[in-house]
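Please read the structure below before turning to the comments.
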Amino acid sequence: MKIITVKELLDADVLCGEDQLEEEVHSACGSDMMSDVLAYVKEQGLLLTGLVNPQVIRTAEMMDMVCIVFVRAKRPSEEMIRLAEKAGIVLMSTETRMYEACGSLYVNGLNGKVVRRDG
Amino acid sequence: MAEPLVFHFDVDGSDFTSAGQASVQIKKNLRQLGLPSDIIRRVSIAMYEGEINMVIHANGGVADVIVTEDCVEIVLKDQGPGIEDVEKAMQEGYSTATSTIHSLGFGAGMGLPNMKRYSDTMEIDTVIGVGTTIRMKIYLNKDQAES
């Protein structure tokens with residue numbers, strides 16, 4: 001799924017990484033616990049979270065994720081946006097709640113399972 | 001690569017928001033060395049969890065990453081309170097972290113288990129009241145990891 005499709009499905013605002021919206025995400029993970037994100041997902045692209053602190057950006061960076069969506073209208077700080085820009089990660093914010101956001105992406109074809117990009 | 005390469009980091013324990021900076025840096029360093037992306041990811045996640053642990057529990061410490069021909073070794077040293085029950089600490093879900101740490105997205109009792117998950121070998125040397133040293137190795141070649 002293209003990042004722009006994620007944006008449209010969730011009616012999200014793009015906070016940084018406007019030029020990367022044509023990039024593909026291959027799977028997704030929704031969690032407020034960063035250690036769970038680090039434990040259970042291997043190769044993915046998108047993180048949905050209601051947690052707002054710089055460790056969210058670092059966690060995504062460690063996992064080579066390309067996009068973070070903040071649910072429940074959460075907004076990251078300027079510092080977080082700066083970190084994400086540096087790491088080449090797209091940040092978005094949506095008013096949609098976690099359950100609906102995950103469900104919407106899932107039924108439209110973005111499932112949570114591991115898909116390797118390099119075959 | 002005949003001589004091992006050593007990267008040294010001081011992990012500042014006073015500020016949770018800055019935790020993880022060493023891991024971000026080592027990721028860049030290993031990329032520059034041209035290591036495979038899955039190895040880089042494993043090293044950086046293991047180190048990141050270790051760094052977070054040092055900040056949460058031990059008021060910081062030092063981290064060394066040693067890159068040799070056959071493996072990447074991470075050595076994390078702190079002068080914190082030590083781990084009282086290592087066996088318990090290795091169980092997923094066991095945590096002594098405070099609710100403040102939980103609200104920051106950590107302290108789910110996954111730190112040490114994740115470090116073990118992403119490394120090929122892990123040794124914990126801990127003395128109550130003195131500190132903890134953790135050594136993790138990630139082999140570049142799968143056969144060595146299994147032998």
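Reminder, nothing fancy here: chain letters follow the sequence lines and each chain counts from 1. Computed from heavy atoms alone, side chains included, the values below leave out hydrogens, waters and symmetry copies.
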Above 12 or not: heavy atoms from other molecules or residues under 6.0 Å from CZ of A:R72? yes
Exercise: identify the closest heavy-atom pair between A:M62 and B:K27: O-NZ, 3.1 Å
Do B:V62 and B:I74 sit in one hydrophobic cluster, given that two such residues count as connected whenever their side-chain heavy atoms are within less than 4.5 Å of each other, even indirectly? no
Hey, is NZ on A:K74 packed in by over 12 heavy atoms from elsewhere, all under 6.0 Å? yes
For residues 49-56 of chain B, run the donor-acceptor check on the side chains, cut-off 3.5 Å, and write out each pair with its distance to 0.1 Å, sequence neighbours left out.
| from | atom 1 | to | atom 2 | distance (Å) |
| --- | --- | --- | --- | --- |
| B:E49 | OE2 | A:S35 | OG | 3.2 |
| B:E49 | OE2 | B:N114 | ND2 | 2.7 |
| B:E51 | OE1 | B:S23 | N | 2.9 |
| B:E51 | OE1 | B:S23 | OG | 2.5 |
| B:E51 | OE2 | B:G20 | N | 2.8 |
| B:E51 | OE2 | B:Q21 | N | 3.3 |
| B:E51 | OE2 | B:A22 | N | 3.2 |

Verdict with reasoning, A:D64 to B:R41, per side chain to side chain contact (heavy atoms under 4.5 Å, CB included): CA-CA 8 Å; A:D64 298 321; B:R41 195 179 312 137; 2.7 Å; yes
Pairs involving residues 2-12 of chain A, ordered by first then second residue, that meet side chain to side chain donor-acceptor pair (under 3.5 Å) (sequence neighbours left out): A:K2-A:E22
Carefully, step by step, assess B:F106 and A:T59 under the rule side chain to side chain contact (heavy atoms under 4.5 Å, CB included). CA-CA 11 Å; B:F106 287 89; A:T59 298; 4.0 Å; yes
Can you confirm whether more than 12 heavy atoms, excluding those of B:R117, are under 6.0 Å from its CZ atom? yes
Chain A heavy atoms under 4.5 Å from B:Y48: which part of the residue, side chain, backbone, both or neither? side chain
If every non-hydrogen atom of B:M110 is compared with every non-hydrogen atom of A:D36, which pair is closest and at what distance? CG-OD1, 3.8 Å
Under 6.0 Å from the CD atom of B:Q79, do we count more than 12 heavy atoms belonging to anything else shown? no
Portion of A:D32 that has a non-hydrogen atom of chain B nearer than 4.5 angstrom: backbone
Based on non-hydrogen pairs under 4.5 Å, which of B:P113, B:A19, B:G109 is most in contact with chain A? B:A19
To the nearest 0.5 Å, atom CE of A:M33 lies from atom CG of B:L104 at 9.5 Å
Decide side chain to side chain contact (heavy atoms under 4.5 Å, CB included) for B:V24 and A:R58; before the verdict, give the C-alpha distance in whole Å, the side-chain angles of both, and the deciding distance to 0.1 Å. CA-CA 7 Å; B:V24 170; A:R58 294 218 178 84; 3.9 Å; yes
